[in-house]
2 protein chains.
Amino acid sequence: MGTVLPKMKDVAALAGVSIKTVSRVLNNEPHVQHAVRERVQAAVTELGYVPSKSARSLRGSRSYSINMMCHSSRSNYVNTIQFGAVIACQQRGYQLTISLIDTVEEKSATDFRDELKILMARSSPDGVILVAPFADDPVVLQVFDELAIPVARIGPSLGPEGRVRVGINEREAAFEVTTHLLELGHTRIGFVRGLENQAVTEERFQGYKAALLEKGLKPDAKHVRKGRFDFRSGVRAAEKLLALEPAVTAIFASNDDMAAGVMMLANRQGVKVPEDLSIVGFDDSEIAENMWPTLTTVRQPLQQLGEVAALKLIETLGQSVPPVIPPTILPHKMIVRQSTAKVRTPV
Amino acid sequence: MGTVLPKMKDVAALAGVSIKTVSRVLNNEPHVQHAVRERVQAAVTELGYVPSKSARSLRGSRSYSINMMCHSSRSNYVNTIQFGAVIACQQRGYQLTISLIDTVEEKSATDFRDELKILMARSSPDGVILVAPFADDPVVLQVFDELAIPVARIGPSLGPEGRVRVGINEREAAFEVTTHLLELGHTRIGFVRGLENQAVTEERFQGYKAALLEKGLKPDAKHVRKGRFDFRSGVRAAEKLLALEPAVTAIFASNDDMAAGVMMLANRQGVKVPEDLSIVGFDDSEIAENMWPTLTTVRQPLQQLGEVAALKLIETLGQSVPPVIPPTILPHKMIVRQSTAKVRTPV
DNA sequence: ACAAAATTTGACACCGTTGTCAAAATCGAG
DNA sequence: CTCGATTTTGACAACGGTGTCAAATTTTGT
């Protein structure tokens, strides 16, 4: 009931050892006799003792918290990754905290750096998980270098630098879905790009181009539209692509939200999907199955991405100087649903 | 570059006062001369000093963190509330942490209580924000009472107890959309309930019933289906409701995801929306605008709900014994889009 | 069986802040 | 101008752990 929380000295008293020995057991340090270790552990569970995070981090200068930095957490992408990260952190006894910060573009770079530094000083995490649009931002990476806070980057360009990186092979995935469309007989395939400040935008585009070239087709600039990863920009891109003469017979949108926009416009204009127009997306977010017809897309293991990023990050916290770590590439998978079909009238 | 983080004594030295005085200034305590206060503040900003959270919370037994407890953060509802909560916390210098925990149903009640207690001991938040399905859970509320951790509940049943509560008037909102359908001439209006362990499910249903009764219509049990707040259960409910003889001419789903399911099924069966069937949802989540036709729904100010909950919670942390607080009711708004229209053939 | 080496254990300082309490400075009244 | 009341200030302990280092204990070698 109203019993006070047990402290280390209570555990020590119950086990008949010194405080320091309890500390050693809790931190899995060597130099404790097996029998003593067991006695202490029994005392811990009996009292339901949980070490005080603040005391621990004050002396040990580790906060046992990981921060996930986002621009906005309101997207399936960020949200699902976050979900995976929370699970991993919880499992390892870490706490996940969320920080929101505006992108560099919305303010001056110095303001941004200052704000970021204050934010980090406040939460003083042991490590930070970066997702788009920060995973590729040189200013952000530099600040964390200066603060000597380890970062894990999700879905970044796979450069050679020595930080924890987790992602999928974006280019290959884009190559696969494009090839899927080509094999269905499509030759005029529209492509909707994502936000230009994100590395994945170019990666996916490269995959698209490579697939066309492999089949001996020349990429046509008219078939490529810019997008912003949101529903609305998908609608706008589709307007242009369907107005072409001759129009495209398939559209590859760089994510599902834009694909949903494409589909909405097709529905509205009476263009039949997939008979007159095949559509593919990217991400396999919830919306992909919740539209009609359901969307062919690429499944990114988002939750797993978050989990692995958090685990790898926590793992590196022990090492004093993190070695150069090869990027972890998780497998993606093309999910063929109803929005793609053989082209009707091959020209 | 590699300068160490400034500590309180550095600030004290620069301002020419004692450490304690700096502490007083930072905590807005009285008994500091105006001039001294300014001098200290100047020193703080000059050094870019940020107090150490761990030291603070160790001595002061406040952690400056708020925990948001969810079952799964992967829904627009939870996600948007979380977004608002992060904003509010950040603004007040608090940190938002996320905890995931399985519902009571998935394990024994004692296990649940133990797990919850350990989770809270680990993160030791100053307060907790509860959302569905925990906001109404008596076991959860009891545990927090025992631990003496203040909670803020979002969207709960509006009982008389003295905790921070934030929500909208669910019943009235449901009353309004139902009335909207009635005024369009609909008389056979289907209703899809939500998860039965959540208070809002009954609240919205009561609003639906009240609207029918007010227009002199008798609620028909055949027109009411259970649901689980997800796309799939919306599809299933619609199958049943559209198979009725005579079929319903409108369906009110208790949330947007289920409404999307209803719409998908209608599209698939060739039932024209809104000509043959009007559909309304609830929440105004992103999906509402990202379907075709766009969805008439009720806008819940989810982000604001999260913000207000966090702010009110932080506010009460000062008071030693939180007084009985009246619930905060935020305004909702019916958003009429394309999915509702006059009934075609009034029977 | 005894000294040296290795292992196990505990006393104590310390991390950076806030609470307590007494000292110092200022103010007001007679 | 002095004395008590009040305001302002600072010295010091304390929060609950971990790091250091020395003491106690056990093991090893001869």
Side-chain angles (χ1 to χ4, degrees), chain A residues 3-41 43-44 47-65 93 95 121-124 126 317-318 320, chain B residues 4-41 43-44 47-65 93-95 121-124 126 317-318 320:
Chain A
T3 50
V4 284
L5 291 182
K7 299 161 197 175
M8 209 174 225
K9 70 171 181 191
D10 301 320
V11 178
L14 181 61
V17 295
S18 75
I19 302 182
K20 179 60 203 182
T21 301
V22 178
S23 169
R24 272 193 267 261
V25 172
L26 266 81
N27 292 288
N28 281 315
E29 286 175 32
H31 304 309
V32 180
Q33 277 193 334
H34 190 66
V36 175
R37 194 175 287 264
E38 300 222 313
R39 211 147 34 110
V40 170
Q41 259 148 2
V44 166
L47 294 175
Y49 168 74
V50 176
S52 147
K53 196 158 295 194
S54 28
R56 237 184 185 188
S57 68
L58 175 56
R59 182 57 171 146
S61 65
R62 296 176 58 177
S63 65
Y64 297 89
S65 76
Q95 201 62 38
R122 271 225 260 268
S123 60
S124 56
D126 290 342
L317 296 182
S320 48
Chain B
V4 285
L5 291 181
K7 300 161 197 177
M8 209 174 221
K9 71 170 183 194
D10 301 320
V11 178
L14 181 60
V17 295
S18 75
I19 301 181
K20 180 62 202 180
T21 301
V22 177
S23 169
R24 272 192 267 262
V25 172
L26 265 81
N27 292 286
N28 280 314
E29 286 174 34
H31 305 307
V32 180
Q33 278 192 338
H34 189 69
V36 175
R37 193 175 290 263
E38 301 221 312
R39 210 146 35 110
V40 171
Q41 260 148 3
V44 166
L47 293 176
Y49 167 75
V50 176
S52 147
K53 194 157 297 192
S54 28
R56 236 186 185 186
S57 67
L58 175 57
R59 182 58 173 142
S61 65
R62 297 176 58 177
S63 65
Y64 297 90
S65 76
Y94 275 70
Q95 202 58 38
R122 271 225 261 268
S123 62
S124 57
D126 291 342
L317 294 182
S320 47

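Hydrogens, waters and symmetry mates are skipped; everything else that's a heavy atom, side chains included, is used. We name chains A, B, ... by the order of the sequence lines, and we start the count at 1 in each one.
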Taking every non-hydrogen atom, the tightest pair across L5(B) and D10(B): O-OD2, 4.4 Å
Should the side chain of R59(B) and the base of dT18(C) be counted as holding a donor-acceptor pair, with the cut-off at 3.5 Å? yes
What integer distance in Å separates K53(A):NZ from dT17(C):C1'? 20 Å
From dG16(C), dA13(C), dA11(D), pick the nucleotide closest to the side chain of K20(B)? dA11(D)
Contact summary for V11(B) and V40(B), nearest pair of heavy atoms: CG1-O, 4.2 Å
With a 4.0 Å cutoff (strictly under), does any side-chain N or O of R56(B) reach OP1 or OP2 of dT18(C)? yes
Closest non-hydrogen atoms of L47(B) and P6(B), given as atom of the first, atom of the second and distance, are O-CG, 3.4 Å
Spacing of D10(B) atom CG relative to dC15(C) atom P, expressed in whole Å: 12 Å
Choose from dT17(C), dG19(C), dT18(D) the nucleotide whose nearest atom is closest to any side-chain atom of E29(B). dG19(C)
Nearest-Å distance, OH (Y64(B)) to P (dT17(C))? 12 Å
Measure across A55(B) and L58(A) and return the closest heavy-atom pair with its distance rounded to 0.1 Å. CB-CD1, 3.7 Å
Take the protein atom CD1 of I19(A) and the nucleotide atom P of dG10(C), then report the distance between them rounded to whole Å. 10 Å
How bent is the helix from dA1(C)-dT30(D) to dG30(C)-dC1(D), comparing axes over its five end pairs at each side, to the nearest 10°? 30°
Tell me: CG of L58(A) to P of dT17(C), nearest whole Å? 9 Å
List the atom of R56(B), the atom of L26(B), and the distance in Å for their closest heavy-atom pair. NH2-O, 4.1 Å
Minimum heavy-atom separation for S124(A) to S65(A), with atom names? O-OG, 4.3 Å
Using a cut-off of under 3.5 Å, enumerate the N/O to N/O pairs linking the protein to nucleotides 6-9 of chain C.
{"unit_1": "dT9(C)", "atom_1": "OP2", "unit_2": "Q33(A)", "atom_2": "N", "d": "2.9"}

Check the distance between dT8(D)'s P and R39(B)'s CZ and give it to me in whole angstrom. 14 Å
Please give, in whole Å, the distance from dG19(C) C1' to R62(B) CZ? 14 Å
Hey, is the main chain of E29(A) close enough, under 3.5 Å, to the side chain of R24(A) for a donor-acceptor pair? no
Working to the nearest 0.5 angstrom, can you tell me the gap between S63(B) OG and K53(A) NZ? 10.0 Å
Can you tell me if the side-chain N/O atoms of Y49(A) get under 4.0 Å from OP1 or OP2 in dG17(D)? yes
Could you tell me the separation between the OG1 atom of T21(A) and the CD atom of Q33(A), rounded to the nearest 0.5 Å? 10.5 Å
Report the distance from atom CG of L47(A) to atom C1' of dG16(D), rounded to the nearest whole Å. 16 Å
